[in-house]
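Have a look at the structure below, then the notes.
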Amino acid sequence: MITLNRKFKKDVNERPNGTTVESVKRISVRDKLLVKEVQEMNENLPTTCSVHFEDPDVLSEFILTVCPDEGYWTGGKFKFSVFVTEDYNMEPPKVKCLTRLWHPNINVDGDICLSLLRQTAIDEHGWAPTRRLKDVVWGLNSLFTDLLNFEDPLNIEAAEMYKKNKTEFQTKVQEYIAVTKGKR
Amino acid sequence: MSGDDCDALDRGDSDGQKSDKMFTLKKWNAVAMWSWDVECDTCAICRVQVMDACLRCQGESKKDSYGKQDCVVVWGECNHSFHFCCMSLWVKQNNRCPLCQQEWSIQRMGK
Ligand SMILES: [Zn+2]
Ligand SMILES: [Zn+2]
Ligand SMILES: [Zn+2]
C-alpha cells in the first residue's frame, strides 16, 4: 500500500509538463548513496576517528584521521585519504595512508592491506556492495587493534621485527610517531 | 459480508417481527494479515525497496512511469532478493550473493 501510494504521488509530480525528469540534473548512483552513507558514517564515528571534507560539496573525497587510544600506536595521529570512485558501491573506495608509520599491514608508500578494501576477495571479508562507508571507517580504525594482522603482512620487515622482538617493534612504532609529530 | 445478509437484517427490522434468534451465523470469513519480510524488502545493494525501481533506474527514468516496470526483482537460490539491475552489475565482479556469500544462481525473477 505504502509503495503504491508513493508511486502514485511520484506520477502526479511528474505529470504537469512531462519534462520534469529531463530537466533534473542527473545525479550518479554513487552520489545518491553517499548522501545517505556520509550522514550515517558521521553518526557512527568511533571516538578515535574524525573526518574532514576538503570541499563540503564533494562527498566522494575526504580525509579520515585515526588517533588510536590503545595498542602500539597510541599517541599517534594517522591520516587516510578516502576516494569513492564512480563505480561505488560495486567497487570499494580507494584508500591511502598519508602518514608514514611502522605497521605490518601498511607499507611506507601508504598502501593498505585490508580485506574489506579488496575487490576480488572470495570470502565474506572482502568488498561487497552491502558494505557502507561506516564499515570502511570501522575497518581502518580496527587496523590498529582488532584487525592488526602479523600473519599476512604488507610490511614484512615490520612483521618480522615484531615476531623477533616486541620491544624493538614498539620502539620503532613510537619513533615513527615522534618523527611525524616533529614535522608539524 | 455479503449483500444477502444485510437484506435479511433490514427486512427483519422494518417488519417489526422478532425472530427466535438475534443472530444467525451464516458465513465465517477467516482474515489473515501478511506483510513483507522487512529484511528482504530492501535491496541490500542500492537500499531501495525491491518493489520500487532501483536507484540506478530512478535516475535514468524514462518518459513515463511505465519505464519503471523494466526494473524487476530477482531471487537467488539462497532466497535473497535484489533488483535484477543491481545484482547483474555485482555478479560481473563476484558471482556470489553479497548477503550470504553463496554462489549466486537465480531462482526466479519478476515483481
Ligand atoms: Zn537495488
Ligand atoms: Zn533498475
Ligand atoms: Zn544470499
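Only heavy atoms go into these numbers, but all of them, side chains included; no hydrogens, no water, no symmetry mates. The chains referred to below are lettered A, B, ... by the order of the sequence lines, with proteins before strands, and numbering in each begins at 1. All of these numbers come straight from a predicted model, not from anything done at the bench.
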For [X] against [Y], the heavy-atom pair lying closest together:
| X | Y | value |
| --- | --- | --- |
| A:Trp127 | B:Trp90 | O-CH2, 3.4 Å |
| B:Ala44 | A:Thr130 | CB-CG2, 3.5 Å |
| A:Leu33 | B:Cys46 | CD2-O, 3.9 Å |
| A:Lys32 | B:Leu55 | NZ-O, 3.0 Å |

Following the transitive rule for hydrophobic clusters with a side-chain heavy-atom cut-off under 4.5 Å over Ile, Leu, Val, Met, Phe, Trp and Tyr, establish whether [X] and [Y] coincide in one cluster.
| X | Y | result |
| --- | --- | --- |
| A:Ile112 | A:Phe83 | no |
| A:Leu154 | A:Leu117 | no |
| A:Leu140 | A:Phe150 | yes |
| A:Phe53 | A:Val137 | yes |

Contacting moiety of B:Cys100, where chain A heavy atoms sit under 4.5 Å: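 When you check distances to chain A, no heavy atom of B:Cys100 falls under 4.5 Å.
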Approximate separation, where rounding is to 0.5 Å, of [X] [atom1] and [Y] [atom2]:
| X | Y | atom1 | atom2 | answer |
| --- | --- | --- | --- | --- |
| B:Asn94 | A:Gln119 | CG | CD | 8.0 Å |
| B:Arg47 | A:Glu40 | CZ | CD | 7.5 Å |
| B:Lys92 | A:Met90 | NZ | CE | 9.0 Å |

Got a sec: does the CD of B:Gln107 have more than 12 other heavy atoms crowding it under 6.0 Å?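 For B:Gln107, atom CD is crowded (more than 12 foreign heavy atoms under 6.0 Å).
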Over 12 foreign heavy atoms within 6.0 Å of CH2, B:Trp104: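 Buried by this count: over 12 neighbours within 6.0 Å.
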